[in-house]
Amino acid sequence: MSGDELNPAAVPQQVEDLHGDGRWMSQHVRFVQECKDGEPEVLFVGDSMVQLMQQYEIWGEMFSPLHALNFGLAGDTTCNVLWRLQNGELENIRPKVVVLWVGTNNHQHTAEQVAEGIVAIAQLLTNRLPKAKIVVLGLLPRGERPNPLREKNAAVNRLLSSRLPRLGQVLFLDVSKEFVHSDGTISSQDMFDYLHLTLAGYRTLAKPLSDLLLQILEETPEERRASLV
Amino acid sequence: MSAEASNPAATPTPCEDTQGDGRWMSQHVRFVSETKDREPDVIFVGDSLVQLMHQFGIWRQLFSPLHCLNFGIGGDATQHVLWRISNGELDNISPKVVVLWVGTNNHGHTAAQIAGGIMAIVQVIHNKLPHAHTLVLGLLPRGRMPNPLRERNAEVNKLVQDALSSLSHASFFNVDPGFVLSDGSISHQEMYDYLHLTAHGYQAVCEPLHAQIKSLLEKPAEN
């Protein structure tokens, strides 16, 4: 897509091993292996918001039964997710739905750049998986009180809500407003560090997401799959 | 041990708000206010390995009944914890046990510096809470396969264990149940990102830890 070279948030990029234990690459390699072993119907990809979901019982309750794989990696930006998807994490799998949740870590980029980075990933997904629906999750507000990152994430969401529907197979789900109280605060009961979700926080998100996934999965029953391919 | 001024790991330092949402300070302020409302018998203080423990069922199961508070903040290194406990997080309370688990995020510091940072924290805790016992947890191995950080963490543990052996108000506790397998690997079933523990990993760490804390709580108060 024209302009990608000019958008740093849409340039695929590995994470450098600054600490010395190679954990990012180890996780990527494991995800690539999971593509060889598994036949997921749903693929979750993104940052720690995705990764942590799998650590709580809610994953086993609501998403494992849908035959889901979780390729969340803490700290990832749109650039890192793009790189991973282009380097093996979409090989050999044909999920019916991909859930994409990334963008809150793009600290070097503007809201416009982040939104376009997310759009670029959605486009990559629809190119590689033409029969799949893509569900993009809105960036959640962060920080205990109103702050510039909340404004930035909200701006990204506004841009996504207008641009993503133009892509056909892409849906946008934004549950941001569920987390901010009338006094503008976010509770540590929902986000233990005002960024990452608690179990209660995940339940708030999981219900509408799970409903949407079930709806999509019911639309493409097994018998019809052969004719779609 | 290096003197405070020359050891960055032992110099109290607040975390800079580089991202712009002030989350670190919000968490610190919340912890300080918890010291005013609550009367914990046990305080856990440290980094994400402490903080995430609070998010799993195991906390409610094993630690809530012991009247514990959790003052873990993800990303914290020794100098951040040192600042926090020197700025209100140990005020207004008199716990019998302080569980300290920090050091794995001290990137750029040597094992000796990190151990110095941990011992500086132990000293501040003792100054503020002379009747408390501090349980210093060993740093876990990290990374899927052997790597320099595993060596660094093991060296920190050795230095800290030595330094603590002469103290009566603090002790070293190894919580590694044997995460490293015979081929040198760590499983993602225990550490989902080869650093942070899964619920299963926490089970293996918390059961012995819980037993140790209980036995400390049952002892008469330290003088």
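Note on naming: letters A, B, ... go to the chains in the order of the sequence lines (proteins, then strands), and numbering restarts at 1 for each one.
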Full working for side chain to side chain contact (heavy atoms under 4.5 Å, CB included) between A:Val98 and A:Val135: CA-CA 6 Å; A:Val98 180; A:Val135 174; over 6 Å; no
Run A:Glu91 and A:Arg128 through salt bridge (Lys or Arg N to Asp or Glu O under 4.0 Å) and show every step you take. CA-CA 9 Å; A:Glu91 296 296 314; A:Arg128 291 287 302 268; 3.1 Å; yes
If you apply the rule salt bridge (Lys or Arg N to Asp or Glu O under 4.0 Å), what do you find for B:Asp162 with B:Lys158, and how did you get there? CA-CA 6 Å; B:Asp162 284 345; B:Lys158 201 154 124 330; 5.1 Å; no
Mind running salt bridge (Lys or Arg N to Asp or Glu O under 4.0 Å) on A:Glu61 and A:Arg203 for me, showing each step along the way? CA-CA 11 Å; A:Glu61 284 169 21; A:Arg203 285 200 188 283; 3.0 Å; yes
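Between B:Leu82 and B:Thr11, every side-chain heavy-atom pair lies at or beyond the 4.5 Å cut-off. Between B:Arg142 and B:His196, every side-chain heavy-atom pair lies at or beyond the 4.5 Å cut-off. The shortest distance between side-chain heavy atoms of A:Trp83 and A:Asn80 does not fall below 4.5 Å.
We find that A:Glu89 and A:Lys36 are not joined by a salt bridge, their nearest charged nitrogen and carboxylate oxygen being 4.0 Å or further apart. Ion pairing between a basic and an acidic side chain is recognised when a charged N comes within 4.0 Å of a carboxylate O; A:Glu41 and A:Arg94 show no such pairing.
Within residues 186-200 of chain A, the residues having any heavy atom closer than 4.5 Å to a heavy atom of chain B are A:Ser188, A:Phe192, A:Asp193, A:Tyr194, A:Leu195, A:Thr198, listed by residue number. Using a 4.5 Å cut-off between non-hydrogen atoms, the part of residues 143-157 of chain A that approaches chain B consists of A:Gly143, A:Glu144, A:Asn147, A:Pro148, A:Leu149. Contacts of residues 21-31 of chain A with chain B at a heavy-atom distance below 4.5 Å involve A:Asp21, A:Arg23, A:Ser26, A:Gln27, A:Arg30, listed in sequence order.
Around the CZ atom of B:Arg30, the shell of radius 6.0 Å holds more than 12 heavy atoms that belong to other residues, nucleotides or ligands. Counting non-hydrogen atoms of neighbouring residues, nucleotides and ligands closer than 6.0 angstrom, the CZ atom of B:Arg144 reaches no more than 12 such neighbours.
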Under 3.5 Å, which donor-acceptor pairs do the side chains of residues 53-66 of chain B form with other protein atoms, sequence neighbours left out?
none

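For chain B, no part of A:Leu73 is nearby; none of its heavy atoms comes within less than 4.5 Å. If you measure heavy-atom distances from A:His19 to chain B, the contacts under 4.5 Å come from both the backbone and the side chain. Neither the backbone nor the side chain of B:Arg150 comes within less than 4.5 Å of any heavy atom in chain A. Heavy atoms closer than 4.5 Å to chain B are found in the side chain of A:Gln51, but not in its backbone. Only the side chain of B:Leu52 comes within less than 4.5 Å of a heavy atom of chain A; its backbone N, CA, C and O stay farther away.
Not a single donor-acceptor pair under 3.5 Å links the side chain of B:Asn153 to the backbone N or O of B:Pro141.
Between A:Phe63 and A:Phe44, the distance separating the two ring centers is shorter than 6.0 angstrom.
Among the candidates B:Leu195, B:Thr198, B:Asn105, the residue making the largest number of heavy-atom pairs closer than 4.5 Å to chain A is B:Leu195.
Between B:Arg152 and B:Asn106, the shortest heavy-atom distance links the atoms NH1-O, 3.3 Å.
Residue B:Lys36 is tested with B:Asn92, B:Ile93, B:Asp91 for a side-chain contact (heavy atoms from CB on, under 4.5 Å); the sole match is B:Asn92.
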